[in-house]
Chemist: 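Let me begin by handing over the structure; questions about it come next.
Letters A, B, ... mirror the listed sequences (proteins, then strands); counts begin at 1. Nothing here was measured: the structure is a model prediction, and the numbers come from that model.
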Amino acid sequence: MIKIYNSLTKKIEDFKPIKENELTMYVCGPTVYNFMHIGNSRPIIFFDVVARFFKYLGYKVTYVSNFTDIDDKIITRAEEEGISEAEVSEKYIKEISETYNRLNIIPHDKNPKVTENMQEIIDYIGILITKGGAYVSDGDVYFDVSKIDNYGVLSSQTIENLIQGARVETNDKKKNPVDFTLWKETLTGLRWKSPWSEGRPGWHTECVVMINNIFKDKIDIHGGGLDLKFPHHDNEIAQSMCSHDHTIANYWMHNGRIDLSGEKMSKSVGNVIWANDLLDKVDYQIYRFMVLNVPYRQPLNYREELLDQAATEYEKIRRSYNNLYRKIELEDIDLGKKDSEIEKLKTEFIEAMSNDFNTANAITSIINLSKLSNTLLRAKELDREKLASCYSLFTDMLWVLGIETNIEPLEEEDKKLVREYEAARRAKNFELSDELRKQIADKGILL
RNA sequence: GGCUCUAUAGCCAAGUGGCUAAGGCAAGGGUCUGCAACACCCUGAUCGCCGGUUCAAAUCCGGCUGGAGCCUCCA
């Protein structure tokens, strides 16, 4: 049984899919006005692992993440660069998609864009008005937060408290300062015709509409960064309560932030590290290890030291996996064998992952497996079944965390070379073995 | 002012009432080894502070202190 911390109920709950053995998941994607920084990459990496784990368990997974391609920031960026909004968003969608690839993210089933859903958004706002949850005010449309019970359930905020917060923007067009924009009349930038004015939609409607369009119904998991909890996700829930009388998703999941020097990393503060810069420096596997070493709900305070630790850790695991792979290959070991000791480690791994995706403990399982593997490889007698079982599990575990080692099978002549090297060593012909070792190393083969 | 989260060894951290407080990195020691590398083993914390509940608390409750976030765009 998978247990998930549900941000909506603030409890760890047993996961019950809407449809047996199927998972529907939506994660809020980036606004495409800039590159992705490492903070942005955390939900992308984490929810990729969530999707992988469900797939590993045999679920049919449908995972959708959007690109927000309409936003004031995109307009500003377009003006700054003297190009159109479409050019800005196209450019960054391309950049960000490329970063997804570099991080070895399994392609999402869909990456909907706001601009492709405009008619649906306008229709949806119409429904909210009809249902009485929204009102038109001088060309703008606002959501009336007083019309639904429990506004702010996710963030545990009451309307009164939000008003007292006093930092909500004052706007004469709103009945209540907490009401949020569904449609805004605009005179500049990209805009669309609607029954209310020429303008563009507010940010909070798009996700609800895309989910409705793609999934047609309530979904299992809605995810995103913690900073989207309020107002974005609370506003999504408010709209969905009004239109469909449900909270969109059964499980709401929020990942913690990535901080820099103990402070939040964000583009508005300017203390960002770009994902691509980090990827230029280290392999994506190390990057993922660093992120997954910290439980997803905790803040991750980025420091180079963490990267170094992850690098050392990954290097050991990779070497161990590599040696196992070579042994399987050189000894022609048949796969598909199962061993009870190895099965125990598999259970341990699955339990860790099932416990609200405890990747930190899952990595511990991998380390335990790699130690076992190293020991088996050194054993006097070759335990073919154990090695085979070990290899299969090792591969699966790494796959769940999105880590592939890219080891290539050896060519026949290379296999021969390695065997000769081993034979020379056994025969204590060190002159020859050193020479062969050098040849092997020169070919880039890791032993 | 309101609402959240958080505090475990030098660092990252597991832990959700009960055997000797996981694991990793770093450090020290050792084993293996033709050499180098690797690998393997061993060594460390009574859990921010105070009080309470309990036969029993790092784990529950209250208070205090420190750190962070949200209430404005943000993954």
Chemist: Whole Å only: how far is the CG atom of Asn323(A) from the C1' atom of rA37(B)?
Modeler: 11 Å
Chemist: Among rC3(B), rC74(B), rA14(B), which nucleotide has an atom closest to any side-chain atom of Asn161(A)?
Modeler: rC3(B)
Chemist: Suppose we call a contact any N or O donor and acceptor under 3.5 Å apart; does that hold for the side chain of Lys229(A) and the base of rC70(B)?
Modeler: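 No pair found.
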Chemist: Side chains of Asp140(A) and Tyr142(A): do they bring a donor and an acceptor to under 3.5 Å?
Modeler: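 Tyr142(A) and Asp140(A) do have a side-chain donor-acceptor pair below 3.5 Å.
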Chemist: Determine whether any donor atom in the side chain of Arg257(A) lies under 3.5 Å from an acceptor atom in the base of rC70(B), or the reverse, and answer yes or no.
Modeler: no
Chemist: As a test of reading the structure: which of rA14(B), rC74(B), rC25(B) is closest to the side chain of Trp203(A), going by heavy atoms?
Modeler: rC74(B)
Chemist: What contact category does Asn34(A) fall into here, base, sugar-phosphate, or nothing, at under 4.0 angstrom with non-hydrogen atoms?
Modeler: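 Counting heavy atoms under 4.0 Å across all strands, no contact is made by Asn34(A).
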Chemist: From the list rC38(B), rA13(B), rG34(B), which nucleotide is the closest neighbour of the side chain of Ser433(A)?
Modeler: rG34(B)
Chemist: With hydrogens left out and only the distance checked, is there a donor-acceptor pair under 3.5 Å joining Gln309(A)'s side chain and the base of rC11(B)?
Modeler: yes
Chemist: According to a strict under-4.0 Å criterion, is Asn374(A) in side-chain N/O contact with OP1 or OP2 of rA39(B)?
Modeler: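 Answer is no, no contact under 4.0 Å.
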Chemist: Figure out the OH/P separation between Tyr421(A) and rC35(B), and round it to whole Å.
Modeler: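 In whole Å, rC35(B) P lies 13 Å from Tyr421(A) OH.
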Chemist: For the side chain of Lys73(A), counting heavy atoms from C-beta on, which of rA14(B), rC38(B), rC74(B) is nearest?
Modeler: rC74(B)
Chemist: Looking at rC3(B), rA22(B), rA75(B), which one has an atom nearest to any side-chain atom of Thr31(A)?
Modeler: rA75(B)
Chemist: When the ring planes of His254(A) and Trp252(A) are compared, do they come out parallel, tilted or perpendicular, using 30° and 60° as the limits?
Modeler: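 Ring orientation of His254(A) relative to Trp252(A): parallel.
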Chemist: Nearest-Å distance, CG (Asn301(A)) to P (rC5(B))?
Modeler: 20 Å
Chemist: Would you kindly give the CG-to-C1' distance between Leu369(A) and rG24(B), to the nearest whole Å?
Modeler: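 From Leu369(A) CG to rG24(B) C1': 16 Å.
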Chemist: Which part of the nucleic acid, if any, lies within reach of Gly224(A) when heavy atoms closer than 4.0 Å are counted: base, sugar-phosphate only, or nothing?
Modeler: sugar-phosphate
Chemist: Show which side-chain atoms of residues 204-215 of chain A pair as donor or acceptor with protein atoms under 3.5 Å away, not counting sequence neighbours.
Modeler:
unit_1	atom_1	unit_2	atom_2	d
His204(A)	ND1	His232(A)	ND1	3.0
His204(A)	NE2	Asn235(A)	ND2	3.2
Thr205(A)	OG1	Gln239(A)	OE1	2.9
Glu206(A)	OE2	Asn66(A)	ND2	3.0
Glu206(A)	OE2	Thr68(A)	OG1	2.7
Asn212(A)	ND2	Val208(A)	O	3.4
Asn213(A)	ND2	Asn117(A)	OD1	3.0

Chemist: Using side chain to side chain donor-acceptor pair (under 3.5 Å) as the criterion, list what pairs up with Asp48(A), not counting sequence neighbours.
Modeler: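 Expected list: Arg52(A), Arg288(A).
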Chemist: Given atom CG of Asp234(A) and atom C1' of rC74(B), what is their separation to the nearest angstrom?
Modeler: 16 Å
Chemist: Using whole Å, what does the distance between atom P of nucleotide rU16(B) and atom CD of Glu13(A) come to?
Modeler: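 Taking CD of Glu13(A) and P of rU16(B), I get 19 Å after rounding.
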Chemist: Hey, which of these two, Lys428(A) or Ile363(A), hits RNA chain B nearer its 5' end, going by closest nucleotide?
Modeler: Ile363(A)
Chemist: Give the nucleotide from the list rU6(B), rC3(B), rG24(B) with an atom nearest to the side chain of Glu313(A).
Modeler: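 Between rU6(B), rC3(B), rG24(B), the one nearest the side chain of Glu313(A) would be rG24(B).
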Chemist: Rounded to whole angstrom units, what separation is found between the CD atom of Glu236(A) and the P atom of rA75(B)?
Modeler: 13 Å
Chemist: Measuring from the side chain of Thr312(A) (C-beta onward, heavy atoms only), which nucleotide among rC25(B), rC41(B), rC32(B) has the closest atom?
Modeler: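 Shortest atom-to-atom distance from the side chain points to rC25(B).
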Chemist: Determine the interplanar angle of the Phe357(A) and Tyr296(A) rings, folded into 0 to 90°, and report it as parallel if under 30°, tilted if 30 to 60°, perpendicular if over 60°.
Modeler: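 If you compare the ring of Phe357(A) with that of Tyr296(A), the planes turn out perpendicular.
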Chemist: Taking for each residue the nucleotide of RNA chain B with the nearest heavy atom, is it Arg303(A) or Asn358(A) whose nucleotide lies nearer the 5' end?
Modeler: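 Between the two, 5'-proximity favours Arg303(A).
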Chemist: Between rC38(B), rU16(B), rA13(B), spot the one nearest the side chain of Val294(A), thanks.
Modeler: rA13(B)
Chemist: Less than 4.0 angstrom between a side-chain N/O of Lys371(A) and OP1 or OP2 of rG24(B), yes or no?
Modeler: yes
Chemist: Side chain of Arg319(A) only, please: which of rC38(B), rG24(B), rC3(B) is the nearest?
Modeler: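 Of the options given, the side chain of Arg319(A) lies nearest rC38(B).
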Chemist: Base, sugar-phosphate, or nothing: which does Gln157(A) touch, judged by heavy atoms less than 4.0 Å apart?
Modeler: base
Chemist: Using a heavy-atom cut-off of 4.0 Å across all strands, would you classify Lys10(A) as base, sugar-phosphate, or nothing?
Modeler: nothing
Chemist: Among rU4(B), rA13(B), rA36(B), which nucleotide sits nearest the side chain of Ala360(A)?
Modeler: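 In terms of side-chain proximity for Ala360(A), the closest of rU4(B), rA13(B), rA36(B) is rA13(B).
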Chemist: Quick one: label Phe430(A) by what it contacts on the DNA or RNA (base, sugar-phosphate, nothing), any heavy atom closer than 4.0 Å.
Modeler: base
Chemist: Considering only NZ, NE, NH1 and NH2 on the basic side and carboxylate oxygens on the acidic side, decide whether Glu422(A) and Arg425(A) come within less than 4.0 Å.
Modeler: no
Chemist: Taking N and O atoms by type only, does the side chain of Asp434(A) place a donor or acceptor under 3.5 Å from a partner on the base of rG34(B)?
Modeler: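 Pair found.
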Chemist: Rounded to the nearest angstrom, tell me the gap between atom OH in Tyr287(A) and atom P in rA75(B).
Modeler: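 My rounded result for the distance is 14 Å.
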